[in-house]
Amino acid sequence: MAEFGNLPTIEPVVEKLDGKTVVTLGTVHFTEGNAAVRAALEDADVVELRETFAQRYLGCGMPAGKRLEIHGVPGNDMACYMDGGEIEVFGNAQDQVANTMNDGDIVIHGRVGDAAGYGMRGGRILVRDGCGWRVGIHMKQYGDKAPAIVIGGDAGSFLGEYMAGGVIVLMGTAGPYLATGMHGGVIYLKHVLDERDIPAGLVQEPVDEHDCRVLARLLGEYNEKFAEEIGGPVDATGEGFFRLRPANSRPYASMYAN
């Protein structure tokens with residue numbers, strides 16, 4: 001145990017258990033914790049984290065072929081800039097999950113905090129329960145590369161704020177200011193909005209066959225991960241969903257000078 005002044009510094013514990021690399025973080029500082037996790041990922045493709053207590057930046061920049069299995073609550077910016085890796089969290093996650101993530105898969109067996117998927121450019125986030133504020137803010141897509149977020153519960157305010165591309169599926173109810181400034185992508189809603197709550201420049205309409213295919217795939221993936229935990233699968237047909245989308249490619253053109 002290293003010393004810092006008069007206070008002991010807790011070290012992460014790295015060991016092999018049943019053939020798997022396990023890193024026990026406890027209350028170790030996120031700097032030392034991430035150093036241990038990165039070193040473990042150099043030697044193993046799958047690393048299990050135990051006793052995770054809000055360490056930030058776990059999985060930051062993690063490439064394809066690497067996987068973290070996190071027990072506990074990871075801190076802010078988990079999976080930021082991730083580039084193809086996989087993370088599964090057996091609990092809740094804090095804020096800014098998948099900040100500017102390029103690609104990869106994230107599964108959260110609980111709730112996620114604010115600003116998940118900020119500037120997300122690709123990949124997928126499956127959240128069993130609800131989410132905080134400003135989830136999906138500035139999400140974008142290019143060509144066939146489109147990010148997706150599936151939320152099993154309710155969402156806080158400003159879901160899909162300034163959204164420029166990709167897909168959000170919300171099975172619970174949306175908080176205030178849904179899709180403020182949205183100018184691309186689509187939000188699928190299980191609960192129809194009152195006409196007064198549809199932001200100017202956006203259109204709410206029933207889903208079509210293409211939308212149902214998208215929903216069948218994403219909700220099917222949600223069921224694969226969470227059906228047993230929530231007491232059974234959700235209806236993955238897409239029936240009863242509505243889509244919220246920009247009315248055109250420049251929904252706010254009238255707000256700017258020609």
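Every value quoted in this text rests on a predicted model; they were computed, and no experiment measured them. Heads up: numbering here begins at 1 and tracks the sequence.
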What closest approach, in Å, do [X] and [Y] show between heavy atoms, and which atom pair accounts for it?
| X | Y | value |
| --- | --- | --- |
| V135 | G113 | CG2-O, 3.7 Å |
| V112 | A116 | CG2-CB, 3.9 Å |
| M171 | H191 | O-NE2, 3.3 Å |
| L58 | P74 | CD1-CB, 4.0 Å |
| A79 | I87 | CB-CD1, 3.8 Å |
| G110 | V127 | O-CG1, 3.5 Å |

Do [X] and [Y] have side-chain heavy atoms sitting under 4.5 Å apart?
| X | Y | result |
| --- | --- | --- |
| I149 | I151 | yes |
| M62 | R38 | no |
| V169 | V167 | yes |
| V23 | L25 | yes |
| V207 | L215 | yes |
| M78 | I70 | yes |
| L189 | Q204 | yes |
| V107 | V89 | no |

Could you tell me whether F158 and Y177 have their ring centroids closer than 6.0 angstrom? yes
Any chance the rings of H183 and Y162 have centres within less than 6.0 Å? no
Euclidean distance, [Y] [atom2] relative to [X] [atom1], rounded to 0.5 Å:
| X | Y | atom1 | atom2 | answer |
| --- | --- | --- | --- | --- |
| L159 | I168 | CG | CD1 | 4.5 Å |
| Q94 | N92 | CD | CG | 9.0 Å |
| D103 | R121 | CG | CZ | 10.0 Å |
| L219 | K190 | CG | NZ | 8.5 Å |
| N99 | M101 | CG | CE | 11.0 Å |
| M163 | T180 | CE | OG1 | 13.0 Å |

Give the C-alpha distance, both sets of side-chain angles, the deciding distance and a yes or no for side-chain contact (heavy atoms from CB on, under 4.5 Å) between E48 and L17. CA-CA 10 Å; E48 180 179 330; L17 297 174; over 6 Å; no
Treating [X] as the side-chain partner and [Y] as the backbone partner, does any N or O pair qualify as donor plus acceptor under 3.5 Å?
| X | Y | result |
| --- | --- | --- |
| K140 | G166 | no |
| T24 | R50 | no |
| D95 | A115 | no |
| Q55 | V28 | yes |
| N34 | R56 | yes |

Counting only heavy atoms not in E209 (residues, nucleotides, ligands), do more than 12 fall under 6.0 Å from its CD? no
Does F242 have more than 12 heavy atoms from other residues, nucleotides or ligands lying within 6.0 Å of its CZ? yes
Indicate, with yes or no, if [Y] and [X] share a hydrophobic cluster defined by side-chain heavy-atom contacts under 4.5 Å among Ile, Leu, Val, Met, Phe, Trp and Tyr.
| X | Y | answer |
| --- | --- | --- |
| V46 | L49 | no |
| V14 | V47 | yes |
| F226 | I125 | no |
| M139 | V150 | no |
| V37 | I108 | yes |

If only side-chain N and O atoms count, and only distance matters, is there a donor-acceptor pair under 3.5 Å linking D77 with Q96? yes
Between Y188 and D211, is there a side-chain donor-acceptor contact under 3.5 Å, judged purely by atom types and distance? yes
H138 and Y118 aromatic ring geometry - parallel, tilted or perpendicular at 30°/60° bounds: perpendicular
Classify the ring geometry between H109 and F90 as parallel (under 30°), tilted (30 to 60°) or perpendicular (over 60°). parallel
Could you pull out all residues at least two apart from R245 that satisfy side chain to side chain donor-acceptor pair (under 3.5 Å)? E205
Do [Y] and [X] meet the salt-bridge criterion of a basic N to acidic O distance under 4.0 Å?
| X | Y | value |
| --- | --- | --- |
| R134 | D114 | no |
| R243 | D208 | yes |
| K20 | D18 | no |

Determine, stepwise, if the pair L126 / I106 fulfils side-chain contact (heavy atoms from CB on, under 4.5 Å). CA-CA 6 Å; L126 302 178; I106 299 172; over 6 Å; no
Take L193 and L178 through the test side-chain contact (heavy atoms from CB on, under 4.5 Å) and record every step on the way to the result. CA-CA 10 Å; L193 297 176; L178 171 68; 3.6 Å; yes
Summary of ring pair (Phe, Tyr, Trp, His ring centres under 6.0 Å) pairs that have at least one residue in residues 31-66, sequence neighbours excluded: F30-Y57
Going through the distances and angles, do R128 and E229 end up as a salt bridge (charged side-chain N to carboxylate O under 4.0 Å, His left out)? CA-CA 9 Å; R128 188 192 67 191; E229 297 173 19; 2.9 Å; yes
I'd like to know whether E161 forms a side-chain contact (heavy atoms from CB on, under 4.5 Å) with M182, so could you lay out the CA-CA distance, the side-chain angles of the two residues, the decisive distance to 0.1 Å, and finally the verdict. CA-CA 6 Å; E161 185 180 28; M182 177 184 181; over 6 Å; no
